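Some notes on the structure that comes next.
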2 protein chains.
Amino acid sequence: MGVTIHDVARAAGVSVASASRALSGRRKVTPEIAERVARAAAELGYQPNAVAKALRDQTTGTIGMVVPGIGNPFFTTIVEAVERELQNSGTDLLLCASQYSPQVEARRLETLLARRVDGLIISPCDIEASVPAVLDAARRVPLVQLDRYIEGGGADWVGVDDEAGLALAVDHVIAGGARSVVFAGSRLVSSSARLRLSGFERAAARAGVEVLPPLLGEFTLEWGIEAGRGLLDAGRLPDAVVCANDEIAVGLVRSLRFGGARVPEDVAVVGFDDVGHATMCDPPLSTVRQPVEEMAAEAVRLLGQLKAGDPRPAQRIAIAPRLVVRQTSRPVAAGVEG
Amino acid sequence: MGVTIHDVARAAGVSVASASRALSGRRKVTPEIAERVARAAAELGYQPNAVAKALRDQTTGTIGMVVPGIGNPFFTTIVEAVERELQNSGTDLLLCASQYSPQVEARRLETLLARRVDGLIISPCDIEASVPAVLDAARRVPLVQLDRYIEGGGADWVGVDDEAGLALAVDHVIAGGARSVVFAGSRLVSSSARLRLSGFERAAARAGVEVLPPLLGEFTLEWGIEAGRGLLDAGRLPDAVVCANDEIAVGLVRSLRFGGARVPEDVAVVGFDDVGHATMCDPPLSTVRQPVEEMAAEAVRLLGQLKAGDPRPAQRIAIAPRLVVRQTSRPVAAGVEG
DNA sequence: ATGAAAGCGCTAACAG
DNA sequence: CTGTTAGCGCTTTCAT
């Protein structure tokens, strides 16, 4: 079916070696040959076979990326950022979703490795169950973890500084007058879930406010709605609820208001991520913005370093987030934005 | 770096052919050899090189998919559906986003083709500008268009029956008492944009209601908000607005209510797609549900047929959508659902 | 500057 | 049933 470089060479009346050299331009050929080869290639509609090139070169020009799910806007945002980052490096992205299952995650890694990707960017779905597959992959190929990471180190990581982010959120609601606070997050199955809870607890303890027992479910709108209902049913509302992501926060605001509570007058709500949902929410959500572009850039940079062979201990890079005050929390003087 | 089948063969004390046969299990070998090979492979951590296999077999076991953008929940939903559909066929998906640009779309197709995908599923971003690249790709490899399609035919397509969907929406609001209607959609740069507008116009004309000039922008929340403002500023509200997708509808509802109009009492709003956003909306959005699973299944089936070589004229498969009545339109007796 | 040939890892003919 | 070998398409020595 395909037209090969042999066909081009024959049509141009030169050897395949010359054709190869002319096409790649990486080596000198007479202008005349270059011309003839170029014409032949164009006429035949020659298209280089990347598979053969990959086998020969032992490098595919692709990097694999696996995230828990592309239904979550945070992950699609970060995927887009990585794609943009890779844009001009001639590297293609092979994107996979693990669907929040360590089994399919392991399978995905396996096929990515079999396809000989030059590197891997992964947000492991489970802090424990993902360990073997991720470590194994890291042994075979440059790998950096983005956002979520696995226990025990051994592989590079770049993500947001959750601790700092939660401190930002907690201090903000307290500055707005909150005396009792609660955390609405996810069960502690990922690093993000754990770090955000502990960051919240630390900040709240430091401030000396009352802390209600955390509400732990999923990183979803549905769970946010449920958590809001739970709060209403409990009879007494906290002054503020800090959420582990925006989807939870949006759901929470919805059910709180549906139940008659005013946001932010009766209870302040702050989210985390600031991708998409936050501005869509009514009223617009105060949240902690993850520095997605920087995270993606850093991950790609790290991957490049690893590829270069540069041996060094595993790195962890935590990038500082930023508070974005909108309308679900009481403003404190300056800093309000749309 | 990698351990090859030669290493395995040597370690097992057999020829590469036997090793290959034992590993693939596609041909008889003595149990003893099978055993020895299996052990050697396990001990060495052998992992087959898919690149070499692809070159040898002239088939990669991958299909490429290109959609305008993964930021749009409709496309992520359909990508997930296609992934699920492919799950058990041993075929991997190479996902690309064209970012709504015919240029990057063409480039993406080019590299997918260079990587020798076995087939292509594409939602062309532009009904006109996407034509050459898509047609060229279709000439080289089995290709089916999903959702959007290009002008002029020549390639298979599966999508929703837009005409029927818009008729459903229009008839519904009219049954609810609407006497004047308007369409809020996208500029006519894609097949979906065009078909939905014409479907709306036809259904409205058939019903004999008053039709205001259509509002055409983007398939985004922002445009929905703007369109809603425009409607308010115009002084007189229509009884119903039918939207080309849910994001527009959500934005529209938001700005209409913000401007003091009651939904659905003053104006009914109906969306299109029913993925994610619709239930998140407050109040929950009445909409036309795209049969995403069926569309994905059909696309994969068609692709399989094409691969089988089965020559036949290009097919267009339009699947009937379903109306989902929630709370942004007045119900008509039965059929309300969550 | 150009051409002949080796070889990337794999599988399927083809012999034995 | 097993082993030897050719060849998928490409790039790069190695000679010329």
Side-chain angles (χ1 to χ4, degrees), chain A residues 1-38 40-41 44-62 90 110-111 113-118 140-141, chain B residues 1-38 40-41 44-62 90 110-111 113-118 140-141:
Chain A
M1 51 153 266
V3 15
T4 78
I5 201 170
H6 284 91
D7 303 323
V8 174
R10 191 175 323 117
V14 299
S15 72
V16 288
S18 290
S20 175
R21 295 194 262 254
L23 258 5
S24 75
R26 303 168 50 79
R27 232 168 177 74
K28 281 204 127 56
V29 285
T30 20
E32 205 221 303
I33 289 194
E35 170 59 23
R36 287 219 308 271
V37 170
L44 298 177
Y46 170 70
Q47 194 201 28
N49 183 326
V51 174
K53 180 172 166 46
L55 179 60
R56 156 77 218 204
D57 294 352
Q58 298 290 75
T59 169
T60 53
T62 57
E110 201 61 28
T111 81
L113 254 14
R115 294 196 191 289
R116 295 299 190 266
V117 291
D118 298 334
R140 297 171 180 269
V141 79
Chain B
M1 54 152 267
V3 18
T4 77
I5 202 169
H6 284 91
D7 303 323
V8 174
R10 190 175 325 116
V14 300
S15 71
V16 287
S18 288
S20 175
R21 295 193 264 253
L23 258 6
S24 75
R26 303 167 52 77
R27 236 173 174 71
K28 280 205 131 56
V29 284
T30 21
E32 205 220 303
I33 289 193
E35 171 58 22
R36 287 217 310 270
V37 170
L44 298 177
Y46 169 70
Q47 197 202 27
N49 183 325
V51 175
K53 181 171 164 50
L55 180 58
R56 156 77 220 205
D57 293 352
Q58 298 289 76
T59 168
T60 54
T62 57
E110 201 62 27
T111 82
L113 254 14
R115 294 195 190 289
R116 296 301 192 264
V117 291
D118 297 335
R140 296 171 181 269
V141 78

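Side chains are part of it too, since the values below use all heavy atoms of this structure and drop only hydrogens, waters and symmetry mates. Residue numbers begin at 1 in each chain, while the letters A, B, ... track the order of the sequences. Quick caveat, the model's predicted, so the values are computed rather than measured.
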Beyond-backbone contact of Arg115(A) with Thr60(A), side-chain heavy atoms, under 4.5 angstrom:
no
Here the distance between atom P of dC10(D) and atom CG of Asp7(A), to the nearest Å, is 9 Å
Separation of dT12(D) atom P from Gln58(A) atom CD, nearest Å, is 13 Å
Asn49(B) atom CG is separated from dC8(C) atom C1', nearest whole Å, by 9 Å
Rounded to whole Å, NE2 of His6(A) lies from P of dA4(C) at a distance of 11 Å
When every non-hydrogen atom of Leu23(B) is compared with those of Tyr46(B), the smallest separation belongs to CD2-CE2, 3.9 Å
On a heavy-atom basis, the closest approach of Ala34(B) and Val29(B) is CB-CG2, 3.9 Å
N or O in side chain of Ser18(A) less than 4.0 angstrom from dG3(C) OP1/OP2
yes
Assign each of Val51(B) and Arg27(B) the nucleotide of DNA chain C bearing its closest heavy atom; nearer the 5' end lies the nucleotide of Val51(B)
From CZ of Arg116(A) across to P of dG9(C) the rounded distance in Å is 9 Å
### Query
Would one find a side-chain N or O of Thr4(A) under 4.0 angstrom from OP1 or OP2 of dG9(D)?
no
Touch check for Leu55(B), heavy atoms < 4.0 angstrom, all strands: base, sugar-phosphate only, or nothing? base
Taking dT2(D), dG3(C), dT11(D) as options, the one with an atom nearest any side-chain atom of Lys53(A) is dT11(D)
From CZ of Arg36(A) across to C1' of dT2(C) the rounded distance in Å is 12 Å
Atom CD1 of Ile5(A) and atom P of dC8(C) are separated, to the nearest Å, by 19 Å
Confirm from the modelled atom types if Arg56(B) and dG9(D) form a donor-acceptor pair under 3.5 Å, side chain to base only. no
Taken to the nearest whole Å, CG/Asp57(B) to P/dG7(D) is 17 Å
The residue, Ser20(A) or Ile33(B), whose nearest nucleotide of DNA chain D is more 5′ is Ile33(B)
**Asked** Is a side-chain donor or acceptor of Thr30(B) paired with a backbone partner of Glu32(B) at a separation under 3.5 angstrom?
**Response** no
Contact class for Arg21(B) (heavy atom, under 4.0 Å): base, sugar-phosphate, or nothing?
base
Output yes when a side-chain donor or acceptor of Gln47(B) lies under 3.5 Å from a complementary backbone atom of Glu110(A), and no otherwise. yes
